[in-house]
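Structure first, commentary second.
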Amino acid sequence: MTWRLRTRRLPADRPAVAGIVNVTPDSFSDGGAFLSLERAVEHARALTAAGADLIDVGGESTRPFAEPVPEEEELRRVAPVVEELCRLGMAVSVDTSKPGVAEAALAAGAEAINDVTGLADPAMRRLAAAAGCGVVVMHMQGSPRTMQVDPHYGDVVEEVAGFLGERCRLAEDAGVGPEAICVDPGIGFGKTLDHNLDLLAGLDRIARLGHPVMVGVSRKGFLGRLLGIDDPAKRGDATAVAEALAVAQGATVLRTHDVRRAIEAATLARAIVRRRVHRA
Ligand code: HH2
């Protein structure tokens with residue numbers, strides 16, 4: 001299934017990969033590494049050379065217990081980077097829940113808005129509709145400051161699928177084209193280890209919503225908890241395995257720190273799953 005961005009489409013014949021550029025001092029695995037324009041651009045160039053289809057630029061960490069960043073500061077971090085990457089011809093999504101930041105990124109040429117609140121703000125839905133850009137509608141229970149305190153669900157897969165379906169309807173009512181919407185279960189956003197595992201096992205249910213499915217497992221805490229790996233930088237092998245399994249379950253876009261490894265994982269998973277389909 002292909003995801004339509006503002007001026008281009010992501011490939012339909014293979015899983016797409018979005019490389020992460022965090023222009024933040026405090027992201028959980030790479031905080032501070034790409035805070036200057038030069039470092040951020042250099043990193044985006046490397047991700048693109050490794051095969052990234054999209055570069056996801058964020059200026060506010062959403063790790064558990066993170067404090068919100070004022071809009072002016074987020075703009076200051078993100079706008080010059082988005083502008084330069086667009087000038088270099090890269091497809092850029094902006095990872096923000098603030099309409100003001102999304103608007104500036106779109107003005108600089110961004111192709112998509114990645115909103116971890118699932119387009120909660122009606123202004124974000126109107127903005128996306130007017131720009132004709134792609135959107136990622138993600139599920140989160142609570143906010144980054146509170147989400148890991150005591151997350152609970154009845155049936156996590158059904159609840160997340162229901163939430164995403166409802167937010168897709170709201171986006172479409174505001175005028176966002178259905179083919180511009182990508183959904184994301186929000187791994188690690190208000191979820192225990194069990195919730196994350198249930199969601200990864202149940203991605204086929206999320207895929208039945210009829211939109212491309214983005215999954216972000218890269219270096220996340222649940223991998224560390226399951227495997228006893230405290231250092232996020234050492235979760236690369238676990239990330240690749242989780243990414244391969246996510247693709248096998250229906251993920252079509254991987255949001256990741258290590259693009260080359262994600263492409264290998266996704267290509268292998270897709271090649272094996274194809275055989276399963278042919279035998280059925
Ligand atoms: N995860 C993070 C941030 N944005 N967006 C989507 N759509 N899906 C995700 O899973 C997702 C996301 C958290 O990861 P990261 O950007 O590496 O860290 P931080 O939030 O600390 O900057």
Side-chain angles (χ1 to χ4, degrees), residues 17-48 50 52 54-86 88 90-106 108 110-118 120-121 124 136 138 140 142-148 184 186-190 214-224 230-236 239 254-259 262:
V17 175
I20 302 170
V21 175
N22 284 319
V23 195
T24 54
D26 57 345
S27 285
F28 77 94
S29 90
D30 55 4
F34 312 113
L35 206 44
S36 73
L37 176 63
E38 291 69 28
R39 294 296 311 280
V41 171
E42 183 184 291
H43 188 52
R45 279 185 191 274
L47 295 172
T48 302
L54 186 66
I55 302 294
D56 191 41
V57 179
E60 176 178 51
S61 173
T62 48
R63 74 183 195 288
F65 310 109
E67 291 291 336
V69 173
E71 179 164 322
E72 314 77 71
E73 174 60 15
E74 197 180 327
L75 270 172
R76 200 187 59 74
R77 293 176 187 173
V78 156
V81 176
V82 173
E83 198 173 318
E84 182 60 8
L85 301 189
C86 293
L88 291 169
M90 297 179 202
V92 174
S93 58
V94 60
D95 186 348
T96 188
S97 50
K98 297 188 184 72
V101 175
E103 194 171 10
L106 289 168
E111 289 278 338
I113 301 169
N114 172 24
D115 182 354
V116 298
T117 71
D121 187 335
M124 199 66 125
V136 183
M138 200 197 80
M140 166 164 57
S143 69
R145 275 183 61 197
T146 59
M147 65 190 182
Q148 291 306 116
D184 185 330
I187 297 299
F189 285 82
M214 179 181 281
V215 171
V217 291
S218 194
R219 303 180 185 167
K220 282 195 174 162
F222 80 102
L223 299 170
D230 288 339
D231 181 357
K234 297 198 172 132
R235 295 175 188 154
T239 295
L254 296 174
R255 180 184 181 278
T256 195
H257 296 91
D258 188 334
V259 166

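Note: hydrogens, waters and symmetry copies are ignored here, and every other heavy atom, side chains too, is used.
- With hydrogens and angles left out, the side-chain atoms of Thr256 and Asp258 include no donor and acceptor closer than 3.5 Å.
- For CZ of Arg45, the number of neighbouring non-hydrogen atoms (other residues, nucleotides, ligands) closer than 6.0 Å is 12 at most.
- Taking 4.5 Å as the limit, some side-chain heavy atom of Val81 sits within range of a side-chain heavy atom of Leu37.
- With Ser36 contributing its side chain and Arg39 its backbone, the two residues share a donor-acceptor pair below 3.5 Å.
- Annotation: the span from Ser218 atom OG to Arg255 atom CZ amounts to 8.0 Å, rounded to 0.5 Å.
- We find that Arg76 and Glu73 are joined by a salt bridge, their nearest charged nitrogen and carboxylate oxygen being less than 4.0 Å apart.
- To the nearest 0.5 Å, atom CD of residue Glu111 and atom CG of residue Leu106 are 9.5 Å apart.
- With hydrogens and angles disregarded, a donor-acceptor distance shorter than 3.5 Å links the side chain of Arg235 to the backbone of Asp230.
- Taking both residues in full, the closest heavy atoms of Asp115 and Met124 are given as OD2-CG, 3.6 Å, listed atom of the first, atom of the second, then distance.
- The main-chain N or O of Pro144 is never found under 3.5 Å from a side-chain atom of Thr62 such that the two would form a donor-acceptor pair.
- Using bins of under 30°, 30° to 60° and over 60° for the plane-to-plane angle, the ring pair Phe28/His257 lands in the perpendicular bin.
- Taking both residues in full, the closest heavy atoms of Ala102 and Ile113 are given as CB-CD1, 3.9 Å, listed atom of the first, atom of the second, then distance.
- In terms of heavy atoms, Asp95 sits closest to Val116 at OD1-CG1, 3.9 Å.
- Contact of the Ser97 side chain with the Glu74 side chain is not registered, since no non-hydrogen atoms from C-beta on lie closer than 4.5 Å.
- Side-chain contact between Arg77 and Phe34: absent, with no pair of heavy atoms (C-beta onward) separated by less than 4.5 Å.
- Across all non-hydrogen atoms, the minimal contact from Gly188 to Gln148 is O-OE1, 3.1 Å.
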- [ ] Could you walk me through whether Val94 and Val92 pass the side chain to side chain contact (heavy atoms under 4.5 Å, CB included) test, one step at a time?
- [x] CA-CA 7 Å; Val94 60; Val92 174; 5.5 Å; no

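- Atom CG of Leu88 is separated from atom OG1 of Thr48 by 8.5 Å, given to the nearest 0.5 angstrom.
- Atom CG of residue Asn22 and atom OG1 of residue Thr24 lie 4.5 Å apart, to the nearest 0.5 angstrom.
- The minimum heavy-atom distance linking Ala66 with Ser61 is given by the pair CB-O, 3.5 Å.
- Between Ile187 and Gly216, the shortest heavy-atom distance links the atoms CB-O, 3.5 Å.
- When each of Glu71, Glu60, Glu103 is tested with Lys98 by the rule salt bridge (charged side-chain N to carboxylate O under 4.0 Å, His left out), just one qualifies, namely Glu60.
- Distance check: Leu85 CG to Ile55 CD1 gives 7.0 Å after rounding to the nearest 0.5 Å.
- Note: Ile20 CD1 to Leu254 CG = 10.5 Å, rounded to the nearest 0.5 Å.
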